[in-house]
Structures are given as C-alpha cells and as structure tokens.
Colleague: 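Structure in structure tokens, see below.
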Amino acid sequence: MTCAVLRISWRRIQFSLSSTASFSAMSIAQNLVYSNAAAARILNIDPLLIKNLEIWQNIILVRICARRAKFISKKDFCQHFADWRRAEAKT
C-alpha cells in the first residue's frame, strides 16, 4: 500500500510517496485542504499532471509536468476548499 508521507525540512513541508506512513490528525486535515486534486481544480488542469506540492509558510509551490511551477497562496486553497464543500453539499 502506498501512502503519502511528509518530509519536514526547514520552513517547508514536501509531500512524497512511500510505502510506510505515520499520520497525525493535523497532517490528515492539512491533506484535505492542500491536495493535488484541489490544486488541479484551482489551476483547471488534470490532477495527473501535478508532480508534487511543497507547502511553505504562506504559499504552496505546485510543480507541474512539462510546465513551469506555480505558486498558490494558502488563502486561495482555503477559500477554494470552503466553496467546493458548499457546492458539493448542495448536490
């Protein structure tokens, strides 16, 4: 089973894939807001094009295959998450 594991480095968190994972409640809540799927919806691209997300202090760096990396603010992710949850609740 492959799960996302967080590697913590100075002032940023990078998502990577590994066969072993240990999650806390905070990392799971953060994964809901800052995810590849959310970044793909914000950028209007296919989620499979996203290589990885790097969570920094106020922004998220989204690396995209065969394209330049994009910076998205955490505020945009949180607003998108709230709007998306409201839209999903109505359907």
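We count residues from 1, following the sequence as given.
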Colleague: Kindly assign one of parallel, tilted or perpendicular to the pair F77 and Y34, based on the angle between their ring planes and the thresholds 30° and 60°.
Modeller: perpendicular
Colleague: Could you measure the distance from the CZ atom of R63 to the CG atom of L53? Nearest 0.5 Å is fine.
Modeller: 10.5 Å
Colleague: Kindly compute the distance separating CG (N52) from CG (L61), expressed to the nearest 0.5 Å.
Modeller: 7.5 Å
Colleague: For the CG atom of L43 and the CG atom of D46, what is their distance to the nearest 0.5 Å?
Modeller: 12.0 Å
Colleague: Can you name the nearest heavy-atom pair linking V33 to A38, along with the distance?
Modeller: O-CB, 3.7 Å
Colleague: Taking the side chain from K74 and the backbone from Q57, do they hold a donor-acceptor pair closer than 3.5 Å?
Modeller: yes
Colleague: Applying side chain to side chain contact (heavy atoms under 4.5 Å, CB included) to I72 and H80, what does each step give before you reach the verdict?
Modeller: CA-CA 11 Å; I72 304 173; H80 173 269; over 6 Å; no
Colleague: Aromatic rings F81 and W84: how do their planes relate, parallel, tilted or perpendicular, breaks at 30° and 60°?
Modeller: tilted
Colleague: Heavy-atom distance under 4.5 Å between the side chains of I42 and K70, does that happen here?
Modeller: no
Colleague: Enter the distance from K51:NZ to N36:CG here, rounded to the nearest 0.5 Å.
Modeller: 13.0 Å
Colleague: Considering non-hydrogen atoms only, spot the tightest contact between R86 and D83 and give its length.
Modeller: NH1-OD1, 3.0 Å
